Amino acid sequence: MYRMKKSHAPALAGLIFIMPLVSACHPDGARPTLSGAELYDSSCKQCHGATGQGQLGITTPAIAGQAAWYVEGQLVKFRTGVRGAHPEDYDGLRMRPMSQQLMNVAEVKAVSAYVATLKPRKQPTTLQGGDATAGAGHYGVCLACHGPDGKGNELLKAPSLVGQHDWYLFSQLKKFKAGVRGKHPKDLTGGQMQPMSMTLVDDQAIKNVLAHISTLSK
Amino acid sequence: MSSFPRPIATTRSVTGISTGKLAVWWLIASEIVIFGGVLGSYLMHRIGHPEWASHAAHTNTWAGAFNTLVLLTSSLFAVLAHQAADQKDGKKAAKFLYLTVLGAFTFLIVKSIEWTGEIQAGYTISSHTFWSFYYTAAGIHGVHVLAGAIIMLVIASDAKKGVDLQRVEAVGLYWHFVDIVWIFLFPLLYIAK
Amino acid sequence: MISKYVESASSFAGDIDHLIWLVTVIVGFWFFLAEGVLFYFILRYTAQDGVKGQYITGEDPKQKRWVAWPHYLTLLFDVWIIIAAITVWQHVKQAMPQADSTVRIIAQQWAWTFVHPGPDGKLDTPDDIKLVDELHVEKGKTYHFELQSRDVLHSFSVPVFRLKQDAIPGRTIRGWFKATMAGGFDIQCTEICGIGHALMPARILIENHEDQAAWVMSKSPAAAATGGTP
Amino acid sequence: MSSSSTATAQAPEAEHDAHGHGHGHDAHGGHHAPQSFFHKYLYSTDHKIIGMQYLFTGMFMALIGGFTVYAFRMQMAFPGMSVPGYGRVSAGDYNALVTTHGSVMIFWVAMPVLIAALGNYLIPLMIGCDDMVFPRLNRLSYQIFLLSVIVLIASFFVDGGAFGGAWTSYPPLSAKAQYNLTPLGAPMCLTAVALEFAAFLMGGINFVTTVMNSRAPGMKMFDVPIVIWSIIIASILFMASVGPLIAGAIMLLFDQTLGTAFFDPNKGGDPVLWQHLFWFFGHPEVYVVLLPAMGIVAEVIVTFSRKKLFAYKTVLYTMVGTGVISFFVWAHHQFVAGIDPRMANIFSVTTLLVSIPVAEMVFVYIATLYGGSIRLTTPMLWALAFIAEFLLGGVTGIYLGSSGADIYFHDTYFVLAHFHYTFFPIAFIAVFAALTYWFPKMFGRYMNEAWGKVHFWGTIIAFNFIFIPLFLLGARGDHRRIYDYTHFPDLMKPGMQDLRVLATVSLVVLLCFQVIFVVNYFLSMVRGPKASANPWKANTLEWAAPSPPPHGNFPDGLPTVHRGPYEYSHPDRQEDYWPQNAS
């Protein structure tokens, strides 16, 4: 029964040998690049949803179909604290750390390209009392940059508004108006948006223009 | 399941107390801490929030009092069933157990009428933390009443045939415990205003 | 011991380090004694041919004292540690020395907002300086903090201060600290607060009187109007 | 015929013949027609089969727990890498993995293996009866446990993923999907835990009544082996402490699903209440798993040092004392959690008091070795390693119980290393001692000693190389549950990442060595040399039954007890052991 009594010494010696050997296989630096889809799955899906449609419960916007240059630009802004670093920007402060899950600019580009391939969808209306015809008038100001079809314009750095939730656009317009978004000195495009948002004098005007925008997406 | 072979272990009784009864005592001990957890949490909140009295004012004290009476009566029947079982009178024990079950169902029916009224009046489980405690504590108790009733029906049908009469006492113990919990719940949820 | 690796930057950090050192000495003594005896017995009483084990019940008081005496000694050392621990605890957490200034710390998923009192030295006035993830304090000044949370539990921890306090939504928790060393250090959240828990680092910047005054001036409303960062 | 209902199909028939085939136990004769596999292994009421079911389920869950720790430790050592076999560990994944690791290892490995598996297997054998007093309740308990496992595993695959709010599930994070982002994972995790508690409550009642009422004739209170006592005390502790948490779990589940506000401060609830309910259970829970481990170690060291247990009654009283004090220490988890700071003083005192009975237990075990005839078999190595390693876990607890020092150490890697130095010895080292010690009894064969020792040294050395670096990291202010330290300049000072890499590499080594155990364990079941009924020459009653014991345990009739369990090297005896049932 006790015949193997002396056997622990060699085992011990063997182990002491193994440990530094394994430590020597330092896989650091071997950092394989993940595909955009894998990055989206691991870092974005939980909040923005598998199809990028966003969720009202956690106030995440729809990002499906947004142009790659825009997603990339916003991710860079979040990562560098140009967007989402205002003390009053509750949701922005949640997004800012999430953007830092991406390890480098290459990953930002990859995931942005993937987001652009997701299909935008018409979102259900959640705001009541918006007058689309009155909103069409207000939209005149927006039209110059975001285009008559609301699909945005890369030259003017204006994002697409199609397929976005009305409650999200509402909250962002309010943030622009209050200087919670677009106030950072390095946020040039946000800084352009800020005076534009001022043309919508009150909540009713915002609702009207959002009612019009929702007619743009099908 | 009648062919289930009983191990010799079940026939031993080193303590002199029947195994079933011993198990019920342990069950009661572990239930006490569960209800202790709910009631302790409730008491802590209640002491910290005297303003909850305005919500407690909307509970139906009369329905609660009636239910207290029902449960106490059913406990009496459980005692009578135990006595009958001791005299090896299975039929009589079963009869008293059925009466106990009747008490249990009366309790549940009164309770459901009461709750329907309260929910219709807008006092739902999520409307205020007082009501959350009210429905949770009484709900857990109600589940125990229902479970007790079902177990008693099974035991009564066995007792009628004169089988397993020792179980009548065990279930009676459990039933007294369920009653005592209500004795704590009633003043805490209904009377304290 | 700790200060060799983590700077000791608050008035009470030294007390906590000293307590940790005391505990280390006491438990170290017991630990090595017990391990020593254990290994000695294992080697000394390894089975030998023809030698039977001894029959010792351990019920006899004469034998029992071999465990009883160490056991009384542990009790004695426990009392020593308790007294030392409670003394430190009362100094750090229960006593609230007079404050020179008060800051408000608001935690949220996943950022810290620090409200500094601004030039007038009072909170809740228009000249408050609100900063995300950056706390400025002056060396040698006693601060009170008001810790709040906007959503879930967080914990405000400054390792160089040896200070830690959970934030609870719906409550304001007060505490104090006094920085004794200039520099920039990590503030950590040490209570799990959701998926961004690891991504809410903040910095505490401890400045001398002059630097602090200059910083406050640069952040004053007058300075902001001429183009300071919000 | 009786071999058809033995614990394992490969039960050596010859073994039975040696003991005579006249199994005279009355109640069982003639009832058992040959059973289907399903009936025999999934629907059995035999305590040994139920014990094995718990054991193998626990082992399976340990694989899950081991895999999760591999995935997240790799991420910590090499941030952003695609972990082989998992992929990129995102912040959300990391939290879910840590949470799963914690709850699986405590609730689905330590509890089922130490209490349910060993309790079920050993209690009837060691008190000399043929089964539990409520065999069908026993079976139901396992079935509910299995359901809890299924619910937990299902929660990994639902929308939003597994719950990621730590095993303590503090609200409001755990109470609202908008905060934890796992609308299904959180309630499923909680439901699984609640189901598991129900299963263990049933098991506990069964254990306690069995030992109270069904001991062999002649077995008095102080003739019960320490391991049985420890399981019973642990079961009672569990029953007495889990109630508030069951109540709390119902309340939290309602908060998650029905919109109540028990723990929501915005609507009059109190999030700290959960912490009290949780730790009122959570701290005794530590002793619920510690005591059976201590019991196992007692059995193994007396057998292999051929010594009577030093001061049996003292061990028993310290176990009870530990249990009682453990109800008054819970708030030491909450020193800096926003409780009234004056409460910390009281809980600091009670916490340090726990060190006294636990220290005494360790002293007694060391004293037992004095004057012994120690055989360093694999189970003995594990048992001695338990004492050596647990000591470090125990003494580091003193830092955390001292309120002043806890301000610094709370929620750092120091805490983590401390409780792994207690839980790893409990849930693995002691369990390995038990599995290797009772292997001949369970399967009628020996395990390979040489490979057993390789596994032992590999595990023990790697274990220390994981957690000593973590002590050092904790002392340097490294806090827990951070998936990527690169965002904290002070935590990336020179050398700190090297310590994390060392811990991770050691972990991988430790996991690799477990393969040796698994292969050795399962191969020995079929290939190991056959073992006699009492291969270790031990005293307790399970060794009076054949190896493996058939259905009904004692084919020659149930034993009668004449003496205490630890009469080794008695001066009046030629043999150095004296079985409890020998006349």
Side-chain angles (χ1 to χ4, degrees), chain C residues 2 5-6 16 19-20 23 27 30-31 34-35 37-38 41-42 45-47 51-59 64 66-67 70-71 74-75 78 81-82 85-86 88-89 92-94 151-153 159 162 164-166 168-170 173 185-186 188 190 192-199 201, chain D residues 91-92 95 166 170 172-173 179-180 265 271 306-308 310-311 336-338 341 344-345 348-349 352 355-356 359-360 363-364 366-367 369-375 387-388 391 395 398-399 402-405 407-408 410-411 475-477 479 481-484 487-488 490 568-571 576:
Chain C
I2 301 284
Y5 298 104
V6 184
I16 292 180
L19 171 65
I20 291 170
V23 176
V27 305
W30 282 106
F31 175 71
E35 295 280 3
V37 173
L38 173 69
F41 281 175
I42 295 171
Y45 296 107
T46 313
V51 180
K52 216 172 150 184
Q54 297 174 27
Y55 187 78
I56 302 167
T57 62
E59 302 293 350
K64 231 182 203 165
W66 285 101
V67 294
H71 158 213
T74 4
L75 182 61
D78 269 356
I81 294 175
I82 288 171
I86 289 182
V88 173
W89 173 266
V92 179
K93 289 282 182 182
Q94 274 176 267
D151 35 41
V152 300
L153 302 176
R162 316 283 186 271
K164 193 167 288 151
Q165 180 58 55
D166 281 15
I168 300 172
I173 294 170
F185 304 103
D186 275 348
Q188 311 175 349
T190 50
I192 191 161
C193 58
I195 62 177
H197 173 57
L199 298 161
Chain D
N95 281 3
Y170 281 179
L173 180 64
Y179 297 145
N180 59 43
R306 317 307 292 166
K307 271 287 305 288
K308 189 178 168 71
F310 191 90
V336 297
N345 299 330
S348 202
V349 173
L352 288 202
S355 68
I356 294 179
E360 180 141 4
F363 292 153
V364 163
I366 295 176
L369 295 172
Y370 174 85
S373 171
I374 296 169
R375 279 117 214 236
I387 300 174
L391 258 170
V395 297
I398 302 283
Y399 290 91
S402 314
S403 49
I407 303 171
Y408 181 60
H410 184 83
D411 264 343
R476 296 176 72 168
H479 60 309
R481 296 164 179 155
I482 296 298
Y483 88 110
D484 180 355
H487 301 277
F488 295 91
D490 288 357
Y568 289 99
S569 307
H570 197 280
D576 67 354

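To find a chain, count down the sequence lines: A is the first, B the second, and so on, and within it residues start at 1. Quantities reported herein were computed from a predicted structural model and do not represent experimental measurements. Hydrogens, waters and symmetry mates play no part in the numbers below; they use all other heavy atoms, side chains included.
- Annotation for A34(C) and I366(D): closest pair O-CD1, 3.8 Å, computed over non-hydrogen atoms.
- Contacts between Y483(D) and chain C at a heavy-atom distance below 4.5 Å involve backbone atoms as well as side-chain atoms.
- Residues I168(C) and P271(D) form a side-chain contact, since some pair of their non-hydrogen atoms from C-beta on lies under 4.5 Å apart.
- Only the side chain of I16(C) comes within less than 4.5 Å of a heavy atom of chain D; its backbone N, CA, C and O stay farther away.
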Verdict with supporting geometry, H487(D) and L199(C), side chain to side chain contact (heavy atoms under 4.5 Å, CB included): CA-CA 7 Å; H487(D) 301 277; L199(C) 298 161; 3.2 Å; yes
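- The CD atom of E360(D) lies 8.0 Å from the OG1 atom of T74(C); values are rounded to the nearest 0.5 Å.
- Atoms CG and CG, from L38(C) and L391(D) in turn, are 7.5 Å apart once rounded to the nearest 0.5 Å.
- Atom OH of Y45(C) has more than 12 neighbouring heavy atoms from other residues, nucleotides or ligands inside a 6.0 Å radius.
- Applying side-chain contact (heavy atoms from CB on, under 4.5 Å) to W89(C) and the options S402(D), P341(D), S348(D) leaves one that passes, P341(D).
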Criterion side chain to side chain contact (heavy atoms under 4.5 Å, CB included) on Y399(D) and V27(C), from CA distance to verdict: CA-CA 9 Å; Y399(D) 290 91; V27(C) 305; 4.0 Å; yes
Steps toward side chain to side chain contact (heavy atoms under 4.5 Å, CB included) verdict (I398(D), D78(C)): CA-CA 9 Å; I398(D) 302 283; D78(C) 269 356; 4.2 Å; yes
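- Closest approach of G404(D) to V88(C), counting heavy atoms only: CA-CG1, 4.1 Å.
- Closest approach of A198(C) and F488(D) over heavy atoms only: O-CE1, 3.4 Å.
- Options D411(D), I482(D), L352(D), V395(D) differ in how many heavy-atom pairs under 4.5 Å they form with chain C, and the most are formed by L352(D).
- Taking H71(C) as the reference, nothing meets the ring-ring contact (aromatic ring centres under 6.0 Å, His included) condition, with sequence neighbours excluded.
- Contact of N95(D) with chain C is made through the side chain alone, with heavy-atom distances under 4.5 Å.
- With a threshold of 4.5 angstrom between heavy atoms, I42(C) approaches chain D through its backbone and through its side chain.
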Criterion side chain to side chain donor-acceptor pair (under 3.5 Å) on Q188(C) and D490(D), from CA distance to verdict: CA-CA 10 Å; Q188(C) 311 175 349; D490(D) 288 357; over 6 Å; no
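- A 4.5 Å side-chain heavy-atom check between R476(D) and I2(C) finds every atom pair outside the cut-off.
- With hydrogens and angles ignored, the 3.5 Å screen pairs a side-chain donor or acceptor of K164(C) with a backbone N or O of H410(D).
- Contacts between L75(C) and chain D at a heavy-atom distance below 4.5 Å involve backbone atoms as well as side-chain atoms.
- Only the backbone of V51(C) comes within contact range of chain D, with at least one heavy atom under 4.5 Å from a heavy atom of that chain.
- Both the backbone and the side chain of I82(C) come within contact range of chain D, each with at least one heavy atom under 4.5 Å from a heavy atom of that chain.
- Ring pair F363(D)/W30(C) is tilted by interplanar angle, where 30° to 60° counts as tilted.
- The heavy-atom pair separating I195(C) from G92(D) by the smallest distance is CG2-CA, 3.4 Å.
- If you measure heavy-atom distances from I173(C) to chain D, the contacts under 4.5 Å come from the side chain alone.
- Here the shortest heavy-atom pairing between A47(C) and S373(D) reads CB-OG, 3.5 Å.
- In this structure, R306(D) CZ and K52(C) NZ are separated by 10.5 Å, a value rounded to the nearest 0.5 Å.
- Chain C forms more heavy-atom pairs under 4.5 Å with one residue of N345(D), L369(D), I356(D) than with any other, namely N345(D).
- Residue Y5(C) qualifies as open at atom OH: its count of foreign heavy atoms under 6.0 Å is 12 or below.
- When each of A405(D), G372(D), A166(D) is scored by its heavy-atom pairs under 4.5 Å with chain C, the top score falls to G372(D).
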Verdict with reasoning, I407(D) to Q165(C), per side chain to side chain contact (heavy atoms under 4.5 Å, CB included): CA-CA 8 Å; I407(D) 303 171; Q165(C) 180 58 55; over 6 Å; no
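- The two residues A475(D) and V6(C) make their nearest non-hydrogen contact at O-CG2, 4.1 Å.
- Counting heavy atoms from C-beta outward, V349(D) and I86(C) have side chains that approach closer than 4.5 Å.
- Of all the listed residues (P265(D), P571(D), S403(D), G477(D)), the one sharing the greatest number of non-hydrogen pairs under 4.5 Å with chain C is S403(D).
- No other option in I56(C), I81(C), L19(C) has as many heavy-atom pairs under 4.5 Å with chain D as I56(C).
- Per-residue counts of heavy-atom pairs under 4.5 Å with chain D were compared for H197(C), Q54(C), K93(C), K64(C); the largest is that of Q54(C).
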